[in-house]
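One structure below.
For clarity, every value in this text was computed on a predicted model and none was experimentally measured.
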Amino acid sequence: MYDYLIYNRLKKAGVAQKTFHIPGHKDKGEFKKLFPVSAMDVTELPYSDNLHNPEEVIASAQRDIAEILGAGASFITTDGSSSGVYALLFAAAQRGNKIIVMRNSHQSVWTGCRLLGLEPLIVQGEEVEGLLCFPDLEEIEKLIAADPKIAGVLVTSPDYYGKIAPLDKLSEITKNYNRLLLVDEAHGAHLAFGDKKGYAGLYADAWVDGAHKTLPTLTQGAIVSVNNGEIYPYIRDGIDTFRTTSPSYPIMASVEYGVKYYANYPLKIQNAKFAVESFLKECEGVLPMVVHDDYTKLLLDCKPLDISAETVLSMLEGRGTYAELCDGRYILFYLSPMIELGELRDLKRKLVSITDNKKLAGTYKENPPIPSADRSYSFQYALKKPCELVELEDAIGRMCAKNAGVNPPCIPVIVAGEMVTAAAVRTLEGAKHTFGVVDGKIYVVKK
């Protein structure tokens, strides 16, 4: 059994400490009552160690995490997966000025490319049943073989919908050409446990796990791991560059807890998989539920029901149940190994009750296809040009100057350097929440 080192140290020391240091709440008064964790919310003290230069309890915790994850080294970050993605790109920038990325890459990938001067080479797979498939491996290999300035590939796996990339085959390609395989595994921290199918740590040079997404960890807790000793100094330098100098100790402790909890109680993984399998079996012929490669991403497909996904979501929320997202066709229920069969059965009862409502029949509206834009100029070129805000309709045929997309899942519909298409505009107009859209306008390069 692994001990929860950071938590135990903070819990023990917090009993008698005198708070002549930051933070400002001082573990006093109403704040202490409202936020019981305040005694553990400390700064770098003699007993608490220092995340930027760990020598004691944090260093031991990170070594344990690396051992559990099968990594050469692992680093805790309290800034979410985004800071970890920046660290991966920082390492890539030492190898070349280009990086192959997927169309469905998270916004942090594009932001990192912008900050580090990397040119993202976009590859996009086919759309099947409203979802993007992984791009053609031959296309990726041809790009790598033709250009020595390509540092490697950064892939999101699993994606928001539970699709896992062919990391084994990607690893063969990148190793053959001495390039990097970097994985944004923000949605797959749980894959390190159980059968490890699709786990990035088996193939990647470095990867990021969003611990808070599927482990019992506080929001913003994440881990950056590396298995390639050559890029270890750059990963560490990148983490120090982008990680906050005031890390949250409760979040830090919860990251260690989340990893060690599943290591200590592996049956949680088996029980969760059994619960999902049982639920899916019970839904056969009743609800069109879809699970791809990752059992923690559960989708309700509203197209075969011919009912509005947005209406189903709204009615579900009215009954006290909240999903992760709705994209117009699928409602995503984001699970974790903490899920129990009783919760899934309660979800089924509510969904059956809602979808049996005859008034909803015929309300489904088809989504526009996922845009595949004309990339006339480079990402970096477009970012450096003078730009202006224009109405979405007026942007059609113009060059995009800043990424615009849908949130969640926080992926761009149109990327800087691409020509704005009517399909992209339709998608942005129909989305409930977007980024890069300001009062119905987007940034385009000035004529």
Side-chain angles (χ1 to χ4, degrees), residues 79-124 135 143 147-156 180 182 184 208 234 237-238 241-242 370-407 409-425 427-428 431 433-447:
D79 308 281
S81 301
S82 293
S83 68
V85 169
Y86 299 153
L88 298 189
L89 291 169
F90 184 91
Q94 316 308 312
R95 290 284 199 96
N97 62 2
K98 300 176 184 178
I99 185 86
I100 295 174
V101 302
M102 312 300 115
R103 161 63 62 178
N104 63 345
S105 294
H106 185 265
Q107 181 64 7
S108 60
V109 173
W110 310 98
T111 301
C113 286
R114 179 177 183 177
L115 291 173
L116 295 163
L118 284 165
E119 181 63 34
L121 304 180
I122 303 170
V123 289
Q124 180 170 335
L143 286 171
D147 194 343
K149 294 182 179 180
I150 296 175
V153 182
L154 195 158
V155 58
T156 302
L180 299 176
L182 308 172
D184 175 5
V208 181
Y234 305 125
D237 195 8
T241 299
F242 294 106
I370 298 170
S372 178
D374 170 23
R375 191 161 191 79
S376 299
Y377 292 87
S378 81
F379 179 76
Q380 295 294 340
Y381 171 88
L383 292 177
K384 294 171 184 176
K385 300 297 288 184
C387 62
E388 60 183 341
L389 269 173
V390 301
E391 299 288 343
L392 279 168
E393 291 293 336
D394 296 333
I396 297 174
R398 303 279 299 275
M399 186 191 302
C400 180
K402 295 182 182 180
N403 289 14
V406 178
N407 184 24
C410 207
I411 61 175
V413 171
I414 188 76
V415 175
E418 294 179 337
M419 307 307 291
V420 181
T421 63
V425 168
T427 300
L428 291 172
H433 300 290
T434 60
F435 63 90
V437 180
V438 182
D439 297 327
K441 301 178 181 179
I442 62 172
Y443 286 95
V444 296
V445 173
K446 279 189 176 181
K447 292 180 178 179

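For the pair Val153 and Leu182, the minimum side-chain heavy-atom distance is 4.5 Å or more. No side-chain heavy atom of Arg103 sits under 4.5 Å from any side-chain heavy atom of Pro135. Counting only heavy atoms from C-beta outward, the side chains of Glu119 and Ile99 never approach each other to under 4.5 Å. In this structure the side chain of Asp184 never reaches within 4.5 angstrom of the side chain of Leu88, judged on heavy atoms.
Ser105 approaches Trp110 most closely through the heavy-atom pair O-NE1, 3.1 Å. Counting all heavy atoms, side chain and backbone alike, Ser108 lies closest to Ser82 at CB-OG, 3.6 Å. Nearest heavy-atom pair across Gly417 and Ala382 is N-CB, 3.3 Å. Closest approach of Leu383 and Ala401 over heavy atoms only: CD2-O, 3.5 Å. Residues Gln107 and Phe435 share a closest heavy-atom pair of OE1-CE1, 3.0 Å. Residues Pro120 and Val101 approach most closely at CB-CG2, 3.8 Å, considering heavy atoms.
Without hydrogens or angle criteria, Glu393 side chain to Val425 main chain gives no donor-acceptor distance under 3.5 Å. Looking only at distances, no side-chain donor or acceptor of Asn403 sits under 3.5 Å from a matching main-chain atom of Val415.
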Q: Could you walk me through whether Val123 and Met102 pass the side chain to side chain contact (heavy atoms under 4.5 Å, CB included) test, one step at a time?
A: CA-CA 5 Å; Val123 289; Met102 312 300 115; 3.6 Å; yes

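Within the model, atoms SG of Cys400 and OH of Tyr377 stand 15.0 Å from one another, a figure rounded to the nearest 0.5 Å. One finds the OG1 atom of Thr421 at 5.5 Å from the CD1 atom of Ile414 (value rounded to the nearest 0.5 Å). Interatomic distance, OG1 of Thr111 versus NE2 of His106, reported as 8.5 Å (0.5 Å rounding). Between the CG atom of Leu116 and the CD atom of Gln380 there is a distance of 9.5 Å, given to the nearest 0.5 Å. In this structure, CD1 on Ile150 lies 5.0 Å from CG on Leu121, to the nearest 0.5 angstrom.
For Lys385, the side-chain contact (heavy atoms from CB on, under 4.5 Å) test picks out Tyr381, Val445, with sequence neighbours left out. For the side-chain contact (heavy atoms from CB on, under 4.5 Å) test, residues two or more places apart in sequence or in another chain that qualify with Ile411 are Asn104, Pro409. For Phe242, the ring-ring contact (aromatic ring centres under 6.0 Å, His included) criterion is met by Tyr86, not counting sequence neighbours. Glu388 meets the salt bridge (Lys or Arg N to Asp or Glu O under 4.0 Å) test with Arg398; sequence neighbours excluded.
Contacts classified as side-chain hydrogen bond (donor to acceptor under 3.5 Å, both in side chains) and involving residues 87-101 (residues at least two apart or in different chains) are given here: Arg95-Glu230, Lys98-Asp147. Pairs engaging residues 434-447 under the side-chain hydrogen bond (donor to acceptor under 3.5 Å, both in side chains) rule: none recorded [sequence neighbours left out].
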